[in-house]
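All heavy atoms count here, side chains included; hydrogens, waters and symmetry mates do not.
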There are 2 protein chains.
Amino acid sequence: MSTETRAVDAGGPGAGGPIRVAQVEIRPSEGLALVAGRAVSLSVRELELLSALALRSGHVVARDELFSDVWGGPLRSGDRSIDVYVHKVRQKLEAASPGWSFIHTHIGFGYRFAPEPMA
Amino acid sequence: MSTETRAVDAGGPGAGGPIRVAQVEIRPSEGLALVAGRAVSLSVRELELLSALALRSGHVVARDELFSDVWGGPLRSGDRSIDVYVHKVRQKLEAASPGWSFIHTHIGFGYRFAPEPMA
DNA sequence: ACACGTGTTCACACCCCGTTCACCGGCCGT
DNA sequence: ACGGCCGGTGAACGGGGTGTGAACACGTGT
């Protein structure tokens, strides 16, 4: 009933299979994402970040967890890479689908991926 | 067996497992609450307050008890933090589920959590 | 050597959080 | 009707987390 466990179709855990959440489809093997039918080209890091979030769609992913997932190590204090990349991905996604927000900040916790119309 | 002891599914006493009461689901570990399917982002304090109330759903929780649960100390006379945070949480919950009230005041005693349609 | 894309770091601006204050209204005893 | 206590509600404040543009370093292809 809840929005929590959405329709997330992943090819597998570590596999590069496409991930689909609402109007967003991610193709790790091709280095691109489709948002509302529009193609969005993403760099490696950007795509890994988006995938890590989309695989837990509807759930808040902690910053440390997110960092170790994408960067593969513990989050050093002062490292702002996550913020910068969240910003980059947000830009590209929202540019492809204006009026929608995809990555939501939960201060003190982390980020949550969920396509929602902007307030 | 009246309405007091409702269906409260907690992962455990001190655990961070999800709490569910009627159309409200609280995820302390994620800093997130779901109300009628809508995601409500809550701050740390807000979430702790809501959790403390929801874990005793249907029962009146005294102000001192509530304060020591959330703030972890005795309630100093003149401290209005509880009032302010009850207000904040009420706002967010009712914004996500208009026409319903969740936190009820029992003057001189405390607060009671129970989803009820507004009069 | 140069242009380009990527990933990291920096610096500054901004906003949110938690607390406290101020003011208001309702309820109760006198 | 008064004054007291209690709770509702908006706003101000300092501190810290986050947003965001730019500079920088590195690798690659031309």
Side-chain angles (χ1 to χ4, degrees), chain A residues 28 31-33 40-53 60-95 101-113 118-119, chain B residues 28 30-33 39-53 60-95 101-113 118-119:
Chain A
L32 70 80
V40 177
S41 74
L42 299 167
S43 75
V44 182
R45 283 267 187 276
E46 292 169 351
L47 203 122
E48 285 175 340
L49 176 64
L50 179 57
S51 299
L53 282 171
V60 177
V61 183
R63 291 170 70 91
D64 355 17
E65 192 180 347
L66 200 53
F67 189 87
S68 63
D69 276 8
V70 176
W71 279 263
L75 174 56
R76 297 167 304 166
S77 92
D79 195 318
R80 302 292 310 280
S81 300
I82 288 188
D83 303 77
V84 176
Y85 269 84
V86 166
H87 178 232
K88 289 182 181 179
V89 175
R90 272 210 260 241
Q91 267 189 159
K92 294 191 177 181
L93 293 183
E94 292 173 11
S101 58
F102 298 87
I103 302 179
H104 309 275
T105 306
H106 289 252
I107 295 189
F109 292 92
Y111 296 95
R112 174 176 55 94
F113 181 84
M118 293 192 71
Chain B
E30 297 186 29
L32 173 67
V40 176
S41 76
L42 299 167
S43 74
V44 181
R45 282 268 186 276
E46 291 169 351
L47 203 121
E48 286 174 340
L49 176 64
L50 180 57
S51 299
L53 282 171
V60 177
V61 183
R63 291 171 69 90
D64 348 18
E65 191 179 347
L66 199 53
F67 189 88
S68 63
D69 276 8
V70 176
W71 278 262
L75 174 55
R76 296 169 304 167
S77 91
D79 194 319
R80 303 293 310 280
S81 299
I82 288 189
D83 304 78
V84 175
Y85 270 85
V86 166
H87 179 234
K88 288 182 181 179
V89 174
R90 273 209 260 241
Q91 267 189 157
K92 293 192 177 182
L93 293 183
E94 291 172 13
S101 59
F102 298 87
I103 302 179
H104 310 275
T105 306
H106 291 253
I107 295 189
F109 294 92
Y111 296 95
R112 175 177 53 94
F113 181 83
M118 292 191 71

Consider the side chain of [X], meaning its heavy atoms from C-beta on, and name the nucleotide among [options] that approaches it most closely.
X        : options               : value
B:Tyr85  : C:dG18, D:dG8, C:dT8  : C:dG18
B:Ser81  : C:dT8, D:dC6, C:dT20  : C:dT20
B:Ser43  : C:dT19, C:dT9, C:dG18 : C:dG18
A:Ile107 : D:dG21, D:dG17, C:dT8 : D:dG17

Indicate yes or no: at least one non-hydrogen side-chain atom of B:Leu93 is less than 4.5 angstrom from one of B:Leu50.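 A side-chain contact exists here, since the closest heavy-atom pair is under 4.5 Å.
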Between B:Tyr111 and B:Val60, is there a side-chain heavy-atom distance shorter than 4.5 Å?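 The answer is no; the side chains never approach within 4.5 Å.
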Would you say a side-chain N or O of [X] is under 4.0 Å from OP1 or OP2 of [N]?
X        : N      : result
B:Trp71  : C:dG18 : no
B:Thr105 : D:dG8  : yes
A:His87  : D:dT18 : no

What does [X] touch in the nucleic acid at a heavy-atom separation under 4.0 angstrom: a base, only the sugar-phosphate, or nothing?
X        : value
A:Val84  : base
A:Tyr111 : sugar-phosphate
B:Gly78  : nothing

Expressed as a whole number of angstroms, how long is the span from [X]:[atom1] to [N]:[atom2]?
X        : N      : atom1 : atom2 : value
A:Phe67  : D:dT18 : CZ    : P     : 15 Å
A:Leu75  : C:dT8  : CG    : C1'   : 14 Å
B:Leu47  : C:dG18 : CG    : P     : 10 Å
A:Asp83  : C:dA13 : CG    : P     : 18 Å
A:Ile82  : C:dG7  : CD1   : C1'   : 14 Å
A:Phe102 : D:dG19 : CZ    : P     : 17 Å
A:Gln91  : D:dG19 : CD    : C1'   : 11 Å

Point-to-point distance, once rounded to the nearest 0.5 Å, from CD of B:Glu30 to OG of B:Ser41: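 The distance works out to 12.5 Å.
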Report the relative orientation of the aromatic rings in B:Phe102 and B:Phe113; use parallel for angles under 30°, tilted for 30 to 60°, perpendicular for over 60°.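 If you compare the ring of B:Phe102 with that of B:Phe113, the planes turn out parallel.
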Let me know, please, whether A:Lys88 or B:Leu42 comes out on the 5' side of the other along DNA chain C by nearest nucleotide.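 The residue mapped nearer the 5' terminus is A:Lys88.
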Determine whether a donor-acceptor pair (one donor, one acceptor, N or O, separation below 3.5 Å) exists between the side chain of A:Arg80 and the base of D:dG17.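 No such pair is found, so the answer is no.
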Between the side chains of A:Asp83 and A:Arg90, is the shortest nitrogen-to-carboxylate-oxygen separation below 4.0 Å, so that they form an ion pair?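 A salt bridge is absent here (no side-chain N lies under 4.0 Å from a carboxylate O).
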